[in-house]
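First the structure, in the form of structure tokens, and then the observations on it.
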2 protein chains.
Amino acid sequence: MTAPAPKHDVFQAIADPTRRKLLQLLVDREMPVTVISGYFPMSRTAVSKHLRVLADAGLVKERKVGRETRYRLDPDPLLELKRWLAYYERFWENKLMALKHYVESDERDGDVPAGALGAVELQTKE
Amino acid sequence: MTAPAPKHDVFQAIADPTRRKLLQLLVDREMPVTVISGYFPMSRTAVSKHLRVLADAGLVKERKVGRETRYRLDPDPLLELKRWLAYYERFWENKLMALKHYVESDERDGDVPAGALGAVELQTKE
DNA sequence: AGAATACGAAACCTTTCGGTTTCATATGTT
DNA sequence: AACATATGAAACCGAAAGGTTTCGTATTCT
């Protein structure tokens, strides 16, 4: 049991605004589908499908209670996103540094900004 | 000039694996389209369209040099993603705390985990 | 000037996405 | 038992996504 057939990853899951709202709604409380769908301007079935996508990505857990199914957030998969993002974080700093250098020098002949950024650091990961 | 007609946001832009690879490729070096497309198993035009989506989201900047257009990463819009993610970060900790409590107590009648998580913290941030 | 290169726009195709409506089923209520 | 409630599955639909091929145009090279 390594990979339980993902079919939907975190990146896809959070791409849709409705699904991001869903995550936020379920962040601290568990809710059944009918209640959840009350917060959205679409059919219950549509909401249910969004919940399925989120569940596929592991961002939401379902629990059956009597005739209702309650959903709640599971933030774990967001770690992958965090890791992905972390890789790019240093480039904010680099960009600032490059800008600084550019402002301090006067070699702005029209193609400097890119050059300033070009060779700051090199890294090929994967 | 406030919002330049977004049309594609960061969340959509990074949803596609090809586009994530593009970002990584352009992270430290500037490249023209033809060279870029050499890294992908699809037509140059297809890559070009992906680059447009990234540019729409502001994740990539283009610069014309002679007959070629060079692209490079602009990590700025990732800040929005970082902010979004930061909101959920505390819940990793909360989840661990809830788990700890659950393990230490013995009220595991079958529906404890959800309850343990349910009331840890309450926050409604639009 | 003429040929080659770099690129985007446009038209087109197939698959996925986000949504709806309808139906079947399980559970709860009287 | 009969009815109501909660939900997912299925069939369907229009629009968007991701791709291709073809074409037009700007730039560079001989």
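A quick note: this is a predicted structure, and the numbers were derived from the prediction, not measured. Just so it is clear: chains get the letters A, B, ... in the order the sequence lines come, proteins before strands, and each one is counted from 1.
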Does a side-chain N or O of [X] approach OP1 or OP2 of [N] to a distance below 4.0 Å, or not?
{"X": "A:Ser48", "N": "D:dG8", "value": "yes"}
{"X": "A:His8", "N": "C:dT16", "value": "no"}
{"X": "A:Arg52", "N": "D:dT7", "value": "no"}
{"X": "A:His50", "N": "C:dG19", "value": "yes"}
{"X": "B:Tyr71", "N": "C:dG8", "value": "yes"}
{"X": "B:Gln12", "N": "D:dA16", "value": "no"}
{"X": "B:Arg70", "N": "C:dA6", "value": "no"}
{"X": "B:Thr34", "N": "C:dC7", "value": "yes"}

Expressed as a whole number of angstroms, how long is the span from [X]:[atom1] to [N]:[atom2]?
{"X": "B:Lys64", "N": "D:dT25", "atom1": "NZ", "atom2": "P", "result": "14 Å"}
{"X": "A:Ile14", "N": "C:dG18", "atom1": "CD1", "atom2": "P", "result": "13 Å"}
{"X": "A:Phe11", "N": "D:dG18", "atom1": "CZ", "atom2": "C1'", "result": "19 Å"}
{"X": "A:Leu51", "N": "D:dG8", "atom1": "CG", "atom2": "P", "result": "8 Å"}
{"X": "B:Ile36", "N": "C:dT5", "atom1": "CD1", "atom2": "C1'", "result": "16 Å"}
{"X": "A:Glu30", "N": "D:dA6", "atom1": "CD", "atom2": "C1'", "result": "15 Å"}
{"X": "A:Lys49", "N": "C:dG18", "atom1": "NZ", "atom2": "P", "result": "9 Å"}
{"X": "A:Glu68", "N": "C:dT29", "atom1": "CD", "atom2": "P", "result": "10 Å"}

Six-ring centre of A:Tyr87, A:Arg90 cation under 6.0 angstrom, axis tolerance 45°: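 Judged by the rule (NZ or CZ under 6.0 Å from the ring centre, within 45° of its axis), A:Arg90 counts as positioned above A:Tyr87.
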Among D:dG18, D:dT20, D:dG8, the nucleotide that comes nearest once only the side chain of B:Ala46 is considered: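 Selected nucleotide: D:dT20.
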Proximal nucleotide (of C:dG18, C:dC7, D:dG8) relative to the B:Val33 side chain: C:dC7
Residue mapping more 5' on DNA chain C - nearest nucleotide basis, A:Arg67 or A:Ala15: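 Going by which nucleotide is closer to the 5' end, it is A:Ala15.
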Donor-acceptor contact present, side-chain [X] to main-chain [Y], <3.5 Å:
{"X": "A:Tyr88", "Y": "B:Gln24", "result": "yes"}
{"X": "B:Arg19", "Y": "B:Gln12", "result": "yes"}
{"X": "B:Arg20", "Y": "B:Ala15", "result": "yes"}

Closest non-hydrogen atom pair, A:Gly58 against A:Pro77: O-CG, 3.2 Å
Which atom of B:Tyr71 lies closest to which atom of B:Leu26, heavy atoms considered: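 What the structure gives for the nearest pair is O-CD2, 3.6 Å.
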Heavy-atom donor-acceptor pair, A:Arg44 side-chain to D:dG8 base, under 3.5 Å: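 Yes, the side chain and the base share a sub-3.5 Å donor-acceptor pair.
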Sugar-phosphate only, base, or nothing, as touched by B:Ser43 at under 4.0 Å among non-hydrogen atoms: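 Counting heavy atoms under 4.0 Å across all strands, the contact made by B:Ser43 includes a base.
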